[in-house]
Amino acid sequence: VLIRLFRFLKPYKLQAAGSVVLILAMAGVELVPPIVAGRIVDTLTPFANQNAAARTVNATAAYQQILLLVGVLAGTRLLAAVFTYLQRRLNPWIGGRVSKDIRVALYHKYNEFSMAYYDKRSTGSLMSRVTNDADNLWDFLADGIPWFVSNIVTLVGIGFILFKINASLAFWMLMPAPCIYVLSRWFMPRARRKYHHVWHRISKMYASLNASLTGMRVIKAFAQESNENTKFTDRNQQVFEASYSANAYQAGFWSVLSLLMSMGAFIIWIVGGGKVINGIMTLGALTMFNGFLVQFYQPFQNFSRLVDWSTRSLTAAERVFEILDTEPEVKDSQNSVAMPYMK
């Protein structure tokens, strides 16, 4: 489904490539602050336990070093702001264009179907493919895919740096990873089923609304306003119950995931603290490691958000491709002749 969805990006491959470049640049910039923070701590550590007289020996050089490092931090923040601005301008443009193309493809497909197709389906359900499902795909293409690429790059880059700082400590950091993987594999298919249920109920609500609005003259003529109000309220309640159930399910996943990640941080403080006490590791290196650790676990939290995006968008994409893959019941014969121009 995702591969078919990415094919809609083909007309905008230059813009998509530009988005990937911005994502890589942003990921590179985000690697700088923890390194600088570690250097600052190592620069200040020799002065922490000295008396005032001894502290003035290298104070000027150390202060200049601190100013330089803070200047680097400010420069990286400025670059990050520029890259973020460009990315937030470009990604919605790509998502909006693809969403427009999907709506046009759906509308053209609808025009190919015979009247028998529409006799079997409600107008509201067909409308929801063009409105609700296309909007969910726009959200995924504009935000979900850039997040996914950015977090993959961040995960690989920071993982390499952490193993370079201290390999044994990095192995301890990975202890919660198998639990996170198993939890995500268990959660994904169940979440998708729940969102399928949500979109199905939304389609039924749209169908009820469309029937009421198009048949308002009949409703008024037979004084059926009260019955129609009750019917639509029931449909709306069903949408609320399905949406709340899906979101509550996701909230439990987020809570357990956050707990597993915090366990990794606890392990690092215990093991890394022992290394600092025994002189195996400097305080600045441990500070740098913990700074990268936060960024390393952040993609896992973002992946949980991506799970939400992917379940919504994959459900919407499947509904869209269901329409695009439907063969019209009435087709031109193989030997058909084009009709001549007529007035």
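Reckoned from all heavy atoms, side chains included, excluding hydrogens, waters and symmetry mates. On a predicted model such as this, the values are computed, not experimentally measured, just so you know.
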Problem set entry | Enclosure of F321 CZ (heavy-atom neighbours >12, cutoff 6.0 Å) | yes
For this session: Go through F83 and I23 one step at a time and tell me if the side chain to side chain contact (heavy atoms under 4.5 Å, CB included) criterion holds.
Result: CA-CA 8 Å; F83 292 150; I23 289 170; over 6 Å; no
Exercise. Does some side-chain heavy atom of Y107 sit less than 4.5 Å from a side-chain heavy atom of V130?
Worked result: no
For this session: Using only heavy-atom distances, determine whether the side chains of K109 and T326 contain a donor-acceptor pair under 3.5 Å.
Result: no
Exercise. With distance as the sole test, does S99 use its side chain to make a donor-acceptor pair with the main-chain N or O of G95 at under 3.5 Å?
Worked result: no
Exercise. Transitively linked via ILVMFWY side-chain contacts under 4.5 Å: F289 with W269?
Worked result: yes
Exercise. Around atom CH2 of W93, are there more than 12 heavy atoms of other residues, nucleotides or ligands at under 6.0 Å?
Worked result: yes
For this session: Rounded to the nearest 0.5 Å, what's the gap from CD on E327 to CZ on F113? Could you check?
Result: 8.5 Å
Seminar exercise, completed: So CG of L209 and CD of E228: to nearest 0.5 Å the spacing works out to 10.5 Å
Problem set entry | Distance-only side-chain donor-acceptor flag, R89 / Y85, under 3.5 Å | yes
For this session: Say whether, by atom type as modelled, one donor and one acceptor occur between the side chain of Y110 and the main chain of I323 under 3.5 angstrom.
Result: no
Exercise. Is the closest side-chain heavy-atom distance between L126 and Y117 below 4.5 Å?
Worked result: yes
Exercise. How about Y118: does its OH atom have over 12 heavy atoms from other parts shown lying under 6.0 Å from it?
Worked result: yes
Seminar exercise, completed: Scanning both residues in full, the closest heavy-atom pair of A246 with V198 reads CB-CG2, 4.2 Å
Exercise. Which distance, rounded to the nearest 0.5 Å, do you find between the CG of L286 and the CD1 of I280?
Worked result: 12.0 Å
For this session: Indicate whether the side chain of R201 and that of H197 have a donor and an acceptor atom separated by less than 3.5 Å.
Result: yes
For this session: Measure across L90 and G18 and return the closest heavy-atom pair with its distance rounded to 0.1 Å.
Result: CD2-C, 3.9 Å
Exercise. CD/Q224 to CG/N229 distance, rounded to the nearest 0.5 angstrom?
Worked result: 11.0 Å
Problem set entry | Candidate pair K275 and V271, rule side chain to side chain contact (heavy atoms under 4.5 Å, CB included), full reasoning | CA-CA 7 Å; K275 289 180 179 293; V271 179; 4.1 Å; yes
Exercise. Taking NZ, NE, NH1 and NH2 as the nitrogens, is one of them in R319 or E322 under 4.0 Å from a carboxylate oxygen of the other?
Worked result: no
Exercise. Considering residues, nucleotides and ligands other than R88, do more than 12 of their heavy atoms fall under 6.0 Å from its CZ?
Worked result: no
Problem set entry | Option passing side chain to side chain contact (heavy atoms under 4.5 Å, CB included) with V29 (candidates L78, L79, L24) | L79
For this session: Is it possible for you to say whether V21 and V153 belong to one hydrophobic cluster, with membership spreading through side-chain heavy-atom contacts below 4.5 Å?
Result: no
For this session: For the pair R129 (side chain) and V320 (backbone), establish whether a donor and an acceptor sit closer than 3.5 Å, ignoring hydrogens and angles.
Result: no
Problem set entry | Closest approach of S245 to K194 (non-hydrogen atoms, all atoms of both residues) | OG-NZ, 3.1 Å
Problem set entry | Residue pair F8 / L324: nearest heavy atoms and the distance that separates them | CZ-CD1, 4.3 Å
Exercise. Under 3.5 Å, is there a donor-acceptor pair between the side chain of T84 and the main chain of A80?
Worked result: yes
Exercise. Counting distance only, does the side-chain N/O of S243 pair as donor-acceptor with the main-chain N or O of F240 below 3.5 Å?
Worked result: no
Exercise. Would Y206 and M127 count as a side chain to side chain contact (heavy atoms under 4.5 Å, CB included) if you check the C-alpha gap in whole Å, the side-chain angles of each, and the deciding distance to 0.1 Å?
Worked result: CA-CA 8 Å; Y206 281 163; M127 287 178 59; 5.7 Å; no
For this session: To the nearest 0.5 Å, tell me how far L68 CG sits from I40 CD1.
Result: 10.0 Å
Exercise. Given the rule in the side-chain hydrogen bond (donor to acceptor under 3.5 Å, both in side chains) test, do S208 and K231 qualify, once you have shown the distances and angles that lead to the verdict?
Worked result: CA-CA 8 Å; S208 177; K231 186 186 299 183; 6.0 Å; no
Seminar exercise, completed: The reported gap from CG in D101 to CG in L106 (rounded to nearest 0.5 angstrom) is 11.0 Å
Seminar exercise, completed: Smallest heavy-atom separation, P33 atom then E30 atom, equals CD-O, 3.4 Å
Problem set entry | Exercise: identify the closest heavy-atom pair between D133 and A316 | O-CB, 3.6 Å
Exercise. Quick one: does T282's side chain get under 4.5 Å of V41's, heavy atoms only?
Worked result: no
Problem set entry | H108 side chain near V104 side chain, heavy-atom distance below 4.5 Å | yes
Exercise. Can you check side chain to side chain contact (heavy atoms under 4.5 Å, CB included) on I270 and W172, steps first, answer last?
Worked result: CA-CA 10 Å; I270 294 172; W172 281 99; over 6 Å; no
